[in-house]
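Computed from heavy atoms alone, side chains included, the values below leave out hydrogens, waters and symmetry copies. Indexing begins at 1, ligand by ligand and atom by atom, following the structure's order.
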Amino acid sequence: MTASFLTPLPLIQAPMAGVSTPELAAAVSNAGALGSLGIGASSPDQAQRMIRRTRELTDKPFNVNLFCHAPALRNTARESAWIERLRPEFMRFGAQPPCELHEIYRTFINNAGMLDVLLAERPAVVSFHFGLPDSAALLALNQVGIITLACATCVSEAELIASVGINFIVAQGEEAGGHRGIFDPQARDERLSTRELVRAIRRVTDVPVIAAGGMMDGEDIALALATGAVAAQLGTAFILCPESAADEGYRATLASERARRTVLTRTLSGRLARGIANRLTLLPDQEEMADYPVAYDLAKALHRIASQQNCQEYAAHWAGTGAQRARPMPAGRLVATLAEEIRSAQRQI
Ligand SMILES: Cc1cc2nc3c(=O)[nH]c(=O)nc-3n(C[C@H](O)[C@H](O)[C@H](O)COP(=O)(O)O)c2cc1C
């Protein structure tokens, strides 16, 4: 298929905080691709438990993914205004919004507790989203032989990643489900397609590129490899696997006609992300909303209340533009199917 990737198959199951599980990552790794855990929203203890559980299920390499966003800028006035903006939505369910919001998880930057877990557990691969870790953490991970990946949404982010010695660049196109990995959420987002971005990054660096965004079958992957990517990272394609943590509401929405419409929105979490359109994603983006991930605290509270009344209109149903092509099958079988489809597409390219 292709040489020079970490696993026999040039395929990564994307880290998906809240959706990927040890069972999913292990099944993917056991099938010859690279499984991933998304621990960006986990405490060090939770992360350690997930890594250890994955190790019980596979002796193959897997990836552990961290968030490297700037810490939230707390602003009580803005947060109160955001609570008030969503108050009418809570009232539709006879509920009141919380009085205050919390920074529900910490960045990996200068996060000694999380670094200690990684150094103790030594997963084969560690990847970063929303930016880069502090240089001391990166050095420590390098020194114990961990392979590193970081996500870029544009050429200048890719150049930064290359300059600090990260081993692979994940080129995340605008088709991708979940959060845009853009480093500075205030900067202009170029929103290049996966294909355009892979090509643009390859022009400026020799660091191998992994394509991410909108790929759902082996033909999509073969095309990305033909563009010069060494592997493809697929997230949405794995959400309907029985091993994922997606709940029934998420699975039903993804399997329905609604999966035809995904949108990029800030209103759920405070950062731009692609998900299946619903009432909350379609609220106009607010200039003055709470910062990431503080805004997410409010959206999660609203979804909890709404879903108790069987309403999924406030859910973070992250999904890429290929959502309507998601296939419900066990992860090992999905990986084998993708591998066969890649081979068959490559015979025709
Ligand atoms: C449900 C979901 C959760 C995600 N969570 C993360 C995450 O925790 N860390 C990360 O680096 N990327 C995350 N992503 C983005 C993926 O890494 C990847 O860029 C994306 O899934 C590729 O696009 P696709 O979903 O169209 O395959 C997430 C994507 C989805 C769909």
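Residue contacts with ligand 1: G214 is included, with a non-hydrogen atom under 4.0 Å away. At least one heavy atom of F67 sits under 4.0 Å from some atom of ligand 1.
Residue M16 touches ligand 1 through backbone and side chain together, judged by heavy-atom distances below 4.0 Å.
The shortest N or O to N or O distance between Q172 and ligand 1 is under 3.5 Å. Geometrically, ligand 1 and W318 share no nitrogen or oxygen pair separated by less than 3.5 Å. An N or O contact shorter than 3.5 Å links N65 to ligand 1 by distance. On a distance-only criterion, Q233 and ligand 1 share at least one N/O pair closer than 3.5 Å.
With hydrogens and angles left out, the side-chain atoms of R258 and T253 include no donor and acceptor closer than 3.5 Å. A donor and an acceptor atom, one from each side chain of S244 and R251, are located under 3.5 Å apart.
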inquiry  = Evaluate N65 against S36 for side-chain hydrogen bond (donor to acceptor under 3.5 Å, both in side chains), listing each step before the verdict.
reply    = CA-CA 7 Å; N65 175 261; S36 303; over 6 Å; no
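Close approach to A176 involves these atoms of ligand 1, each under 4.0 Å from a residue heavy atom: 19 (O), 20 (C), 22 (C), 23 (O), 26 (O).
Partner of L34 under the side-chain contact (heavy atoms from CB on, under 4.5 Å) criterion, chosen from V125, L11, L9: V125.
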